[in-house]
Amino acid sequence: MYALVRQIPAGRLATYGQVAELLGCWGRARQVGWALRRLRGPTDVPWQRVVNAAGRISFSPSREGSDWIQRQLLLEEGIEVSEDGRLPLRRYLWTPVPDAFLEL
DNA sequence: AACCTGACGACCA
DNA sequence: GTGGTCGCCAGGT
């Protein structure tokens with residue numbers, strides 16, 4: 001799962017459900033959230049690029065601030081995130097293997 | 001074992 | 001748009 005998330009380029013977004021589905025686990029978005037939650041401190045996994053399907057950052061007190069850090073990191077990647085975590089998901093949604101088109 | 005709690009999401013009112 | 005229900009499943013009590 002982390003390997004997949006690492007493939008999301010800076011400035012692009014993916015949803016929890018999308019990640020789950022790409023791993024062949026349709027309907028298991030919660031487990032993706034669970035896995036990302038385990039990341040603590042410095043990591044090479046760009047966890048901030050995974051948001052919920054509603055196009056919002058999933059805020060939760062249990063995240064102890066990582067939600068706001070997520071907002072900040074996304075802003076730094078050039079994504080416009082509103083004060084309450086809304087973001088233009090349509091415009092930045094990532095899809096794997098579009099490189100195949102470059103071969104044509 | 002029986003709840004409860006989530007970085008979730010599809011569906012419907 | 002928003003809000004509620006239900007399905008999902010790992011972990012904790």
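Note that the coordinates shown come from a computational prediction; the quantities given were computed from them, not determined experimentally. Letters go in sequence order (proteins before strands), and every chain restarts at 1.
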Check every atom of C:dG11, B:dA10, C:dG7 against the side chain of A:Ala53 and return the nucleotide holding the closest atom. B:dA10
Counting side-chain heavy atoms from CB outward, which of B:dA7, C:dC9, B:dG9 is closest to A:Ala29? B:dG9
Of the listed nucleotides (C:dA10, B:dG6, B:dG9), which one gets closest to any side-chain atom of A:Trp34? C:dA10
Tell me which nucleotide among C:dC8, C:dG1, B:dA7 gets nearest to the side chain of A:Arg86. C:dG1
I want to check one thing: is the phosphate of B:dC8, taken as OP1 and OP2, less than 4.0 Å away from some side-chain N or O of A:Ser58? yes
At under 4.0 Å, does any side-chain N or O of A:Ser60 touch on OP1 or OP2 of B:dG6? no
Would you indicate which nucleotide in C:dG11, C:dC9, B:dA7 comes nearest to any side-chain atom of A:Tyr16? B:dA7
Using the ring centroid of each side chain, check whether A:Phe59 and A:Trp68 are separated by less than 6.0 Å. yes
Within this structure, what is the CD-CG distance for the pair A:Gln18 and A:Leu23, rounded to the nearest 0.5 Å? 10.5 Å
Heavy-atom side-chain contact between A:Arg28 and A:Glu21 under 4.5 Å: no
Taking for each residue the nucleotide of DNA chain C with the nearest heavy atom, is it A:Arg37 or A:Gly27 whose nucleotide lies nearer the 5' end? A:Gly27
Which whole number of Å gives the distance between the C1' atom of B:dA7 and that of C:dT13? 22 Å
Just by distance, no angles: are the side chains of A:Glu80 and A:Tyr92 close enough, under 3.5 Å, to form a donor-acceptor pair? yes
Please report the shortest heavy-atom distance between A:Arg49 and A:Ile8, naming the atom on each side. NH1-O, 2.6 Å
Closest contact, heavy atoms only, A:Asp67 versus A:Ser58: CB-O, 4.1 Å
Under a 3.5 Å cutoff on both atom distances, Watson-Crick or G-U, what's the dot-bracket for DNA chain C ([ ] crossing, | other strand)? .||||||.|||||
Nearest to the side chain of A:Arg28, which nucleotide is it out of C:dC9, B:dC8, B:dG9? C:dC9
Looking at the side chain of A:Gln31, which of C:dA10, B:dC8, B:dA7 is the nearest nucleotide? C:dA10
